[in-house]
Amino acid sequence: MNMLSSPADSLPMPDTGNDNRFTYLHLSVAMLRKVSIGYLLLPNLLFLWGWFRLSVAVPVLVMVLYLYAKELRKPEARPALRLSFSNVLMLALVAFIWTFLSGSGGYSIQELDYFGHNAKFYDLYSTKWPYYFTETNRLIRYYFSYYLVPSLLFKLLGGTSPATIFLWTFTGYFLGIAWVYTLVQKNLVLVIVFLLIGGGGTTLFNLVSRFVAFAPQLHTFNINLGSLFDQSRWTPNQVIPSLIGACIIVYDSALARKTQESFFPIALTVTWSMFSFLSLSVIFGIHALFYINPLRLSLATIVRAFLLPLLVLLPILLYFASGENVPTTGFVWQFRNDTTFIIRYLTGVFLDSLLLYYIFRQLYRPGGVYPRRLVTILFVVFICMTTYIMGKWNDWLTKINIPFLTIFLVIIFRAFYEKLHYEGWRSLRPALTVPLAVFFFLNLYYQVLIIRTPLKKNKLLGYVTESAKYKPIPYNKYGSFYKTLLAIGTYEEVRQYLAKKNSFYELYLAKRRPANP
């Protein structure tokens, strides 16, 4: 049942620049949506072909290609949202700098996770698919989409290519920030700030730590609402589908008013990131309660928008269900003996989220693009989900954080823009400006600390000064991904990737294991 009627349209988005000479390079929101879904789709095609036997892969491929063909035939819904040639150039420059500083391709210093990323690229390039740990004769259960297109190109090129990884990642980041730019009223400053919001609670914890001596922590969990830029330095494979998927949900629900159209793109994210898929599915479900009246959906729409994507998902979900149990799980209060961990959670997640919600409430105006009740439910559900710990490094929180944070920031930045447009700067009272100042200080201070390292250690600066030179992480330093995990981690981390022997997937769905040299 539809809980609310569709919200009123927001203010018209400005169409910045005519660029009549370059009309053919304008990017409409319809084209942005088609390209974004195509980008998410491409590695799904490779995964289905490489990991499933033909009797499963062929019908699923037919269904997924049919769904994409239907996407390609959709007309332009809101032509005023187009991006001009100059918009595209500006966003491409931002995406290029973002990709460069994130470490993708090794053009700036890379974080520890790139040992794993580069080893996956190398193994997927050097072995036949599906991908096994040859050392244990066990199938690997993991979301490989980010790695498949570059790895296939490596096979065709006959070797690894950092530029290929860079361009593939750049494309994903460009599509993501093009969506953000469209949704935050085409304000480039807001887009840049959007990428750098996160980690304020960690700054607060570090400040408090200067005056209070905490007991040594027993568990090394990630307890932080990391910014999009910070997350991209560790998990580009998670950031891209989360950013694109979350923005598509906002557009489909709040602007196009066709929430059901989001389910197919969300289904495509499962092979990119299971955690992103789960959080996007929860977000979609909440939006569906507000925006979808099932009695008004035709049978054809139900089949195309829901049934066929579910049929596509089924074999892929059976593949993910073949994995072993995650080694570390539990709720926050089950780690109550770790005082430092609890305080980090309260500052890095709980207080950060409350501050975000308070700012939204101060900015909210009736008739805005999002109903207040919907945003309140999103915040409450997010807080509840963050109380669960899953994975050695708390992969659950660090991954589900990205789609929720994306939507929260889009809503807040859009509301901020609209408040200034309708009410002017005088409407910003101390009840809003003081929390905003604290929020931006805590977040941007943390980001300055993060961004200093890639600015000091990168390829371009390395040509000028010796102090900027560094060695990119090799693709096969330890010989394989399995050996890499053991070299830089523990067998507990290896277990997170192992599929069960003789699982339903391996017995009935999996492509026969190739004979690798």
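Side-chain atoms are counted along with the backbone in the values below, which use heavy atoms only and exclude waters and symmetry mates.
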Can you confirm whether or not the ring centre of [X] sits under 6.0 Å from the ring centre of [Y]?
| X | Y | value |
| --- | --- | --- |
| Phe96 | Phe166 | yes |
| Phe263 | His287 | no |
| Phe481 | Tyr497 | yes |
| Tyr114 | His117 | yes |
| Phe144 | Trp51 | yes |
| Phe52 | Trp129 | no |

Classify the side-chain pair Asn237/Tyr143 by whether it contains a donor and acceptor separated by less than 3.5 Å.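 The criterion, which ignores hydrogens and geometry beyond distance, is not satisfied for Tyr143 and Asn237.
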
Scan side-chain atoms only and decide if Thr387 and Tyr345 contain a donor-acceptor pair under the 3.5 Å cut-off.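 There is no such pair between these side chains.
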
Considering non-hydrogen atoms only, spot the tightest contact between Leu139 and Pro130 and give its length.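 That closest heavy-atom pairing would be CD1-CB, 4.1 Å.
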
Mutual orientation of the aromatic rings belonging to Phe47 and Tyr319 [parallel < 30°, tilted 30-60°, perpendicular > 60°]: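 Taking Tyr319 first and then Phe47, their aromatic rings stand perpendicular (interplane angle over 60°).
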
Check the angle between the aromatic planes of Tyr475 and Phe121 and answer parallel, tilted or perpendicular using the 30° and 60° thresholds.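 Perpendicular: the ring planes of Tyr475 and Phe121 meet at over 60°.
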
Does OH belonging to Tyr122 count more than 12 external heavy atoms closer than 6.0 Å?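 Atom OH in Tyr122 is not packed in, count stays at 12 or less.
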
Does Lys155 have more than 12 heavy atoms from other residues, nucleotides or ligands lying within 6.0 Å of its NZ?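 Atom NZ in Lys155 is packed in, count exceeds 12.
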
